[in-house]
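Scroll down for the structure; my scribbles are underneath it.
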Amino acid sequence: MRVLKFGGTSVGSAETIARVKDIVLSVKNEPVVVVVSAVGGITDRLIKTANMAGSGNEACFDHLQSIIETHQQIIAKLFDPVGVKKVSALIEHDIEELRIILKGVFLIRELSRKSFESLSGIGERLSSKIIATYLGAQWYDSRQYIKTNLEYGRNQVLVNETDQLLADMKGQLGQLSLFPGFISSNAKNENTTLGRGGSDYTAAILAAAFDAATLEIWTDVDGFMTADPRVISRAYCIDHLSYAEAMELSHFGAKVIYPPTIIPAFQKKVPILIKNTFNPNAKGTLISQMAESSLAQQIKGISSIKDVSLVTVQGIGMVGVTGISMRLFSCLAAREVNVILISQASSENSISLVIETEQTAVARAAIENEFYREMANRQINRVMVDDEMAVVAIVGEKMKQTTGIAGQLFNSVGKNGVNVFAIAQGGSEINISFVIKERDIRKALNVIHEAFFLSDYSRLNLFLAGKGTVGSKLLKKISAQTKKLQKENRLRIRLVGVAGSQSMLLDREGLDPDKVIEQLNSGGTPGSINDFKDKIIAMNVANSVFVDCTASEVVADVYHALLDANVSVVTANKIASSSSFQHYSKLKATAREKGVKFFFETNVGAGLPIIAPINDLVRSGDTIERLEAVVSGTLNFIVNELSEEKPLSEVILEAKEKGFSEPDPRVDLSGTDVVRKLLILARESGYPLEQEDVEVEPLCRQSISICRLWKFLWRR
Ligand SMILES: NC(=O)C1=CN([C@@H]2O[C@H](COP(=O)(O)OP(=O)(O)OC[C@H]3O[C@@H](n4cnc5c(N)ncnc54)[C@H](OP(=O)(O)O)[C@@H]3O)[C@@H](O)[C@H]2O)C=CC1
Ligand SMILES: N[C@@H](CC=O)C(=O)O
């Protein structure tokens with residue numbers, strides 16, 4: 001036997017119900033039990049209508065009428081006139097009941113629990129009767145078999161009684177049976193409901209009781225994804241999960257199924273298959289006892305929850321005192337505050353917990369009331385609440401007994417500047433959860449996904465300043481090498497920002513390196529390099545690299561802020577690395593501290609490479625005692641080209657045109673460029689020198705620096 005459950009979107013219209021028919025009738029040679037939710041949106045509409053009636057709002061009757069009409073329209077599309085009559089007669093009683101209860105609620109202005117349960121469950125009664133008739137299935141009333149008892153304000157399924165009732169009726173089931181989801185009844189045969197995700201739960205109870213071969217949950221997504229596809233475009237559908245993994249992922253925000261659904265199926269080891277009604281050919285996700293096929297993968301999925309707050313209770317009066325946790329959690333439970341995550345360090349000095357933000361006022365009041373004595377005596381400090389937080393969880397059975405997962409996780413988020421406020425990992429080692437600022441979610445999910453999931457490439461987000469000789473060549477290289485880098489080095493460079501001296505272009509989704517200069521020259525957002533820097537930091541994208549292809553001091557001045565915000569800096573501009581030794585050392589130290597890169601290989605030898613080999617020699621214990629080099633391309637060119645026929649002014653212009661010289665060639669002619677290069681080589685060789693330590697004999701007279709650049713270039 002197979003149990004197939006179809007959710008609200010799958011039965012949201014006559015067209016989708018027709019798809020459901022195709023899917024159900026494609027099952028041959030084994031009995032099928034179908035479970036359906038209410039028509040998409042109807043339960044919410046019923047609840048809204050019930051609340052309106054309870055508060056005496058007459059508009060509830062218009063809402064009721066529109067709910068009835070929604071069903072009538074579906075019926076009219078699915079059936080011929082004879083069928084319409086037949087189905088309308090079948091649901092007449094339910095609609096009448098709906099009208100009567102709603103009128104009663106409206107008249108006495110009170111929505112009791114009993115009335116609420118009856119009203120909110122009518123959607124499933126209507127949809128199931130319509131769909132059963134359309135499929136030619138035998139309809140069964142779930143309320144007769146699924147029995148509940150009210151405990152702690154919730155309807156709990158009476159498992160033994162329910163199983164017995166279902167076992168007793170199993171023999172009646174024919175080839176095709178259909179049950180409404182969500183609805184149940186209590187010992188007095190009063191209407192009850194199974195709460196959020198109740199139809200999944202109905203299906204799981206039936207699948208377990210009937211020993212079904214599989215439980216298929218037909219929904220509007222392909223299955224469980226490795227991460228939220230709206231945030232991670234490279235997220236993909238997970239083939240196989242264990243019950244525990246599915247439970248953890250569902251709990252932490254993956255809204256594919258409702259966690260309690262899994263329990264009956266898990267207890268009876270009924271495999272659950274998640275399928276997409278709108279893409280039935282997709283493989284879906286299989287949830288079963290052991291995810292054998294994917295044991296190689298340590299992490300199966302990443303989930304996140306937003307709109308949460310971190311509540312911290314701290315104080316010396318908590319250390320070694322028994323009963324603090326009990327009191328804390330009891331006072332929260334008494335106010336129905338749902339605790340999502342708990343973290344306590346072994347010092348016992350503080351307990352942090354995560355709750356939904358809308359419950360923070362209630363939680364704060366409850367804690368302050370419970371611990372008012374300790375707070376008055378300053379044994380416990382004020383309750384601290386951090387809002388706009390998020391919980392991120394990585395889930396996978398294979399994490400058990402595997403070392404290094406937490407290291408890899410926190411290394412990847414730390415390197416990208418994501419601060420972790422609290423961490424929780426249960427002894428089962430199947431889930432590591434941690435708390436971050438909500439603004440960091442996108443970045444955190446991206447870097448974790450990249451760190452743990454087999455994707456075709458790692459992504460590097462590049463911000464470029466300078467689009468002149470060097471910048472434009474770099475863009476050409478990026479464009480030409482993209483495919484090769486992705487294929488052979490599994491690296492994808494995504495150009496996300498480009499700035500010139502006056503304007504900039506930024507796009508999180510990527511800019512075209514072949515077109516960006518033209519786009520920037522003909523438009524772009526006006527702004528300075530400081531605006532560009534602020535935007536880079538605010539964009540907060542993972543694996544960010546700022547590349548400086550200018551010769552500007554103001555650009556060099558933004559490096560520290562960028563490194564400090566975990567953005568790597570790669571520069572062709574020599575100004576920062578040849579600035580004061582103190583500043584140069586500070587930039588290197590900040591990069592090290594933040595786990596990002598500060599690279600300037602092209603500063604000397606135009607990327608020969610020379611700096612990396614020197615670094616290697618020094619690291620391996622060699623001492624560099626002497627360096628001899630011709631480091632100026634411009635001066636080299638000039639002395640080679642200068643002749644009686646070619647005056648110096650012409651050769652200088654040619655050097656500039658060929659791209660050898662600095663934007664201002666006087667920087668080369670004065671020897672400044674050589675000084676910078678020598679200083680960089682010396683420092684990388686381990687000598688803490690300053691510019692003043694370099695003796696210079698310039699090629700040209702110092703006076704060349706006095707006039708303006710254009711005047712210098714054009715006077716002959
Ligand atoms: N030529 C070579 O072989 C080598 C050069 N280098 C270094 O590369 C750097 C760039 O040289 P090159 O490409 O020839 O220079 P260019 O003059 O051709 O280009 C400089 C670029 O910097 C931009 N720029 C200037 N000031 C700012 C600012 N404040 N904010 C943002 N952008 C600014 C300019 O923008 P806009 O056009 O809008 O004014 C221009 O696009 C230099 O530092 C040089 O030392 C390093 C190794 C080799
Ligand atoms: N102006 C420089 C270019 C690279 O740094 C030179 O002439 O070598």
Side-chain angles (χ1 to χ4, degrees), residues 463-477 495 497-506 513 516-536 546-559 561-562 569-579 599-612 629-642 651-681 698-700 709-710 713:
F463 297 89
L464 172 67
K467 51 177 172 56
T469 309
V470 176
S472 60
K473 287 281 182 312
L474 176 66
L475 289 171
K476 283 208 173 86
K477 268 251 176 293
L495 183 70
V498 177
S501 55
Q502 311 295 326
S503 59
M504 66 190 83
L505 277 175
L506 288 142
V516 74
I517 296 187
E518 203 185 309
Q519 289 166 343
L520 192 55
N521 290 340
S522 61
T525 312
S528 69
I529 192 69
N530 272 298
D531 299 325
F532 191 51
K533 176 249 314 172
D534 291 343
K535 288 205 157 52
I536 294 172
F546 173 78
V547 179
D548 180 3
C549 288
T550 75
S552 159
E553 191 164 350
V554 288
V555 178
D557 283 346
V558 302
Y559 296 175
L562 289 168
V569 173
V570 178
T571 177
N573 180 353
K574 304 161 199 107
I575 293 178
S577 30
S578 60
S579 62
F599 284 157
F600 40 88
E601 181 64 66
T602 49
N603 276 187
V604 191
L608 258 179
I610 177 71
I611 293 175
V630 175
V631 288
S632 172
T634 305
L635 297 183
N636 201 13
F637 180 78
I638 290 172
V639 293
N640 281 329
E641 292 293 309
L642 203 59
V651 184
I652 293 172
L653 263 183
E654 210 180 320
K656 181 162 171 62
E657 275 156 20
K658 285 189 181 309
F660 298 139
S661 82
E662 291 304 293
D664 181 347
R666 293 170 297 178
V667 174
D668 300 287
L669 296 170
S670 63
T672 305
D673 188 66
V674 172
V675 170
R676 288 175 177 162
K677 287 172 172 167
L678 294 179
L679 195 62
I680 292 165
L681 289 180
L699 180 75
C700 295
L709 174 61
W710 63 268
L713 286 175

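Below, each value reflects all heavy atoms present in this structure, side chains not excepted, and no hydrogens, waters or symmetry copies. In listed order, ligands and their atoms are each counted from 1.
- Annotation for ligand 1: atoms under 4.0 Å from non-hydrogen atoms of Glu662 are 42 (C), 43 (O), 44 (C), 45 (O).
- Interface of Lys574 with ligand 2, defined as ligand atoms under 4.0 Å from a residue heavy atom, comprises 4 (C), 5 (O).
- Closest protein heavy atom to atom 47 (C) of ligand 1: Thr602 O, 3.2 Å.
- Protein heavy atom closest to atom 18 (O) of ligand 1, with residue, atom name and distance, is Thr469 N, 2.8 Å.
- Phe463 has its side chain out of reach of Leu562: every pair of non-hydrogen atoms, C-beta onward, lies at least 4.5 Å apart.
- When all heavy atoms are compared, the tightest approach of Asn573 to Ala551 is ND2-C, 3.8 Å.
- Those atoms of ligand 2 that come under 4.0 Å of a heavy atom in Asp668, given as number and element, are 1 (N), 2 (C), 6 (C), 7 (O).
- Checked against a 3.5 angstrom limit, the closest N/O atoms of Gly633 and ligand 2 fall inside it.
- Scanning both residues, Val667 and Ser670, for their nearest heavy atoms gives O-OG, 3.3 Å.
- Closest protein heavy atom to atom 9 (C) of ligand 1: Thr550 O, 3.3 Å.
- Between Gly468 and ligand 1, at least one N/O pair is under 3.5 Å apart.
- By heavy-atom distance, the residue among Cys549, Gly471, Gly605 lying nearest atom 20 (C) of ligand 1 is Cys549.
- Ranking protein heavy atoms by distance to atom 31 (C) of ligand 1, first place goes to Gly500 O, 3.1 Å.
- The residues Asp673 and Lys677 are annotated as salt-bridged, a charged nitrogen and a carboxylate oxygen being separated by less than 4.0 angstrom.
- Atom CD of Glu553 is surrounded by 12 or fewer heavy atoms from other residues, nucleotides or ligands within 6.0 Å.
- Of all atoms in ligand 2, numbered sequentially from 1 with element shown, those under 4.0 Å from a heavy atom of Glu662 are 1 (N), 2 (C), 3 (C), 5 (O).
- Listed by number with element, the atoms of ligand 1 under 4.0 angstrom from any heavy atom of Gly466 are 21 (C), 22 (O), 23 (C), 41 (O).
- Counting atoms of ligand 2 from 1 in the listed order, those under 4.0 Å from a heavy atom of Val631 are 8 (O).
- In this pair, Phe660 and Phe637 present their aromatic rings tilted. The plane angle is within the 30 to 60° band.
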### Task
Apply side-chain contact (heavy atoms from CB on, under 4.5 Å) to the pair Leu464 and Cys549, showing each step before the final yes or no.
CA-CA 7 Å; Leu464 172 67; Cys549 288; 3.8 Å; yes
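- Here the side chain of Glu601 pairs a donor or acceptor atom with the backbone of Ile611 at under 3.5 angstrom.
- Which parts of ligand 2 touch Ser661 is read off a 4.0 Å heavy-atom cut-off, strictly below it: atoms 1 (N).
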### Message
One pair to check against side-chain contact (heavy atoms from CB on, under 4.5 Å): Val558 and Phe532. What are the steps and the verdict?
### Response
CA-CA 10 Å; Val558 302; Phe532 191 51; over 6 Å; no
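- Near Gly659, meaning under 4.0 Å from one of its heavy atoms, ligand 1 places the atoms 1 (N), 2 (C), 3 (O).
- When every heavy atom of Leu520 is checked against every heavy atom of Ser503, the shortest pair comes out as CD1-OG, 3.6 Å.
- Distances below 4.0 Å separate heavy atoms of Val554 from the following atoms of ligand 1: 29 (N).
- At least one N or O atom of Ser501 sits closer than 3.5 Å to an N or O atom of ligand 1.
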### Query
After noting the C-alpha distance and the side-chain angles of Arg676 and Ile575, does the key distance pass the side-chain contact (heavy atoms from CB on, under 4.5 Å) rule?
CA-CA 8 Å; Arg676 288 175 177 162; Ile575 293 178; 3.9 Å; yes
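- In terms of protein heavy-atom proximity, atom 5 (C) of ligand 1 is closest to Val470 CG2, 3.5 Å.
- Considering every non-hydrogen atom in both Gly659 and Thr469, the closest pair reads CA-CG2, 4.0 Å.
- What you find for Leu474 and Val547 is that their closest heavy atoms are CD2-CG1, 3.7 Å.
- Here the protein heavy atom with the shortest distance to atom 26 (N) of ligand 1 is Ser552 CB, 3.7 Å.
- Counting heavy atoms of neighbouring residues, nucleotides and ligands inside a 6.0 Å radius, atom CD of Gln502 does not exceed 12 of them.
- Looking only at distances, no side-chain donor or acceptor of Lys467 sits under 3.5 Å from a matching main-chain atom of Ala499.
- Counting heavy atoms closer than 4.0 Å to ligand 2, residue Thr634 contributes atoms from both its backbone and its side chain.
- Listed by number with element, the atoms of ligand 2 under 4.0 angstrom from any heavy atom of Ser632 are 7 (O), 8 (O).
- Ranking protein heavy atoms by distance to atom 3 (C) of ligand 2, first place goes to Phe660 O, 3.1 Å.
- The shortest N or O to N or O distance between Ile529 and ligand 1 is not below 3.5 Å.
- Checked by distance only, ligand 1 and Ser661 stay at 3.5 Å or farther apart across all their nitrogen or oxygen atoms.
- For atom 30 (N) of ligand 1, the closest non-hydrogen atom on the protein side is Val555 CG2, 3.5 Å.
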#### Entry: Residues Val569, Phe600; criterion side-chain contact (heavy atoms from CB on, under 4.5 Å); working and verdict
CA-CA 8 Å; Val569 173; Phe600 40 88; over 6 Å; no
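- What you find for Asn603 and Ala572 is that their closest heavy atoms are ND2-O, 3.0 Å.
- Ligand 1 has no N or O atom lying under 3.5 Å from any N or O atom of Gln502, backbone or side chain.
- Protein heavy atom nearest atom 37 (O) of ligand 1, with residue, atom name and distance: Lys467 NZ, 3.1 Å.
- For ligand 1, the polar-atom distance check finds an N/O of Lys574 within less than 3.5 Å of one of the ligand's N/O atoms.
- Annotation: Lys677 places an N or O atom under 3.5 Å from an N or O atom of ligand 2; distance criterion only.
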